[in-house]
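Down below is the structure, laid out as structure tokens.
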Protein chains: 4
Amino acid sequence: MTNRKEEIISATAGLIHGKGYESTRLSDILSEANIGKGQFYHYFSSKRDLGISVVDHFVETWQRDLIQNILQTDDYARSKLDKMLSWAIQYHESQANMHGCPFGNLALEMSEHDEVFREKVNKLLHDWIESLENVVENLVDDEPLKHAQSIVAQLEGGILLMKNYQDISILKNIADTIRIHYLQK
Amino acid sequence: MTNRKEEIISATAGLIHGKGYESTRLSDILSEANIGKGQFYHYFSSKRDLGISVVDHFVETWQRDLIQNILQTDDYARSKLDKMLSWAIQYHESQANMHGCPFGNLALEMSEHDEVFREKVNKLLHDWIESLENVVENLVDDEPLKHAQSIVAQLEGGILLMKNYQDISILKNIADTIRIHYLQK
Amino acid sequence: MTNRKEEIISATAGLIHGKGYESTRLSDILSEANIGKGQFYHYFSSKRDLGISVVDHFVETWQRDLIQNILQTDDYARSKLDKMLSWAIQYHESQANMHGCPFGNLALEMSEHDEVFREKVNKLLHDWIESLENVVENLVDDEPLKHAQSIVAQLEGGILLMKNYQDISILKNIADTIRIHYLQK
Amino acid sequence: MTNRKEEIISATAGLIHGKGYESTRLSDILSEANIGKGQFYHYFSSKRDLGISVVDHFVETWQRDLIQNILQTDDYARSKLDKMLSWAIQYHESQANMHGCPFGNLALEMSEHDEVFREKVNKLLHDWIESLENVVENLVDDEPLKHAQSIVAQLEGGILLMKNYQDISILKNIADTIRIHYLQK
DNA sequence: AATGAATGAGCATTCATTCAT
DNA sequence: TATGAATGAATGCTCATTCAT
């Protein structure tokens, strides 16, 4: 049953988000998903194969929750940007430990090691920026792409700082600064 | 002579910058520094001991090149911010591969694994933001700390995007956006 | 099947008896048991884990062969003491090299290094002395505990001398002396 | 100066008594004796060379303190045996931790590994038993050698038990039993 | 007589993957 | 489908000894 495969992917997604891809051992996955080695290799050909499925899983979630359900709705641009910022903060507030952004983490860990990981992360970041560009062009006069890049960079950089400070307030400050710049007038 | 120790640190700094701390194997260090195992453990008590020395090495370099020689000079605030952005771009342009920011990389890799690494990275990020706050308060009317955080976040996030895109132009875009916002008037 | 685990324990028991715990290298165990490293760590979490299993194995054997089957039977006290001495001599005579008493060896090697080893050895020695005390109280008028301690000490000391002399006759002399003292009248 | 060599031997004697020969690392010796590697290899050709000197040192001490100054004096036999027992107890009482008998420890650790160590320990044990035989022949009617062996075995076995119990009272019990047997009449 | 840098074989352990059942 | 025994290269580290100065 494919449910089992999905369960393994979900269980591993949490591990990879928290510890990174390399530091997530097969044994961690096995005990987290409560399966044996044979079953693992029945569903996946290698740890990397699972890793790629996990990235796909993250991508699907963000495509749906962030891009489709927030950035590509019929809402007002101001509202969409505001919702995106709230969504980001709530995402990190809901975690017991501040693991950071799964894509930011994977971007830094895997970009130079594995081209397939890099491209999948790249695609998501690109889609995010592109969708945000369409939102932002209603809010600025010039070069909406650069504004979208700047906003995403601020968020990813803010999450990086937040993770290192282990303090969510820095991400909230960043969100405030973005709101003041683009929404307050 | 202590030169040998410095050589090992320098050689390892490049490896850790490029591959991360965990993925840098002792065997990589040994062949990069052209030494044997015994010699390594003569100078360092463990891989982690060396890792900490490497972080200290990065911190010293940035404290000198970025904070002292750019942000804390007698220069005009506008000039300091401009030089910082140019320095960042030149730093990444000079590398064969885009390894990203050593501190950003370590922040994401080590924050949740090793408190000593986290604190050292944290101290540098904090000093950077603080020095930048003093610069920025001459350029904005309100809450210079948040502006400094926002600028550092944009740079770190921009470097993260750059590394994943393997394209430096995105970092240049971010620098442009910062210049337009703070310097152009 | 758990047989494999037992095989490893048995093979290692001989090595530890002959060379001591520390001097028994994992590589010795691996080639003696004819297994690979991975297999070893499949059955045991560490060398120490195996070491403890080996001590348990020795304890079980002695509890059965010496304490239950000799000292705690319904036999006459004189007969029990006599059988114990014969058992001890035969134990060391049956070995190609005189490795000494596994518990005496471990007592001296491990007492100050590892509390778990010490306690396990301690328990066996204590049970031995206690069972012997019950035997001896039928043979002496005063303080059977001290007599039991004295007999065990003579045997352990005699085995120590035997091992250093590499000559079993000294142990036989000790057994004679004990027989003359407690059995001849 | 030869004083330096003696200092190294003395410092190492304590280490080997406490930790055994194998577990005493060259680095332990170096820091205990406060010397560098070069100096060590100036005085000794190897760790084993030092180890043999340490055994010689122990042998000399016991030859003097036990055999000459107690067993081979003009004292009464009863007094000599009594003094020997008191000397043994005081020897172990004066130590912070109960390291056991240096010769018993070395006998078990080295007998099967190194013939030179074995022979040196053997010689001392033999001399001890021989001297004690001469004492004991005044106290018993038959086979004084076996009595001397029995007494030494009881002491060595008692020290072994004492070390494993980490309780000196068991050695005192053994000494009592020997006194009652040979001295009380 | 002395220093400590350098060597390298050896150590216990980890881990993704394969294979027999 | 599923189990977990088996593999073996690789990892970080130890340690007695040698060597250049």
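Computed from heavy atoms alone, side chains included, the values below leave out hydrogens, waters and symmetry copies. In this text, all values refer to a predicted model and were calculated from it rather than measured experimentally. Numbered from 1 within each chain, the chains take letters A, B, ... in sequence-line order.
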*asked:* Taking the six-membered ring of Phe40(D) as reference, does the cationic atom of Lys47(D) (NZ for Lys, CZ for Arg) lie under 6.0 Å from its centre and within 45° of its axis?
replied: no

_Electrostatic pair Glu112(B)-Lys19(A), nearest N-O below 4.0 angstrom_ = no

*Interatomic distance, Phe44(C) CZ vs dA6(F) P [rounded to whole Å]*: 12 Å

_Under a 3.5 Å distance rule, please check whether Asp114(B) uses its side chain to pair with a backbone N or O of Val116(B) as donor and acceptor._
yes

*Protein-nucleotide distance (Leu30(A), atom CG; dT17(E), atom P), rounded to Å*: 12 Å

*Rounded to the nearest 0.5 Å, how far does NZ of Lys120(D) lie from CG of Leu125(D)?*
13.5 Å

*Under 3.5 Å donor-acceptor, Asn122(C) side chain and Glu119(C) backbone*: no

*Tyr21(D) OH to dA16(F) C1', straight-line distance once rounded to whole Å*: 10 Å

*asked:* Without decimals, in angstroms, what is the distance between Leu50(D) CG and dA16(F) C1'?
replied: 13 Å

*Short side-chain N/O contact to dA6(F) OP1/OP2 from Arg4(C), under 4.0 Å*: yes

*With the side chain counted from C-beta on, respond yes when Glu109(A) and Leu108(B) share a heavy-atom pair under 4.5 Å apart, and no when they do not.*
no

*Is the shortest side-chain N/O distance from Tyr43(B) to OP1 or OP2 of dA6(E) below 4.0 Å?*
yes

_Just the rounded figure in Å: distance from P of dA6(E) to NZ of Lys5(B)._
13 Å

*Among Ile8(C), Ile16(C), Thr24(C), Val55(C), the one residue meeting side-chain contact (heavy atoms from CB on, under 4.5 Å) with Leu50(C)*: Ile8(C)

*asked:* Within the 3.5 Å criterion, strictly below it, is a donor on Arg4(A) or Gln39(A) matched to an acceptor on the partner's side chain?
replied: yes

*What string of B, S and - do you get for nucleotides 7-12 of chain F, 5' to 3', if B is base contact, S is sugar-phosphate-only contact and - is no contact with any protein heavy atom under 4.0 Å?*
BBBBSB

*Tell me the stems DNA chain E sits in, counting at least three consecutive Watson-Crick or G-U wobble pairs, each under 3.5 Å on both distances.*
E:2-21 with F:2-21

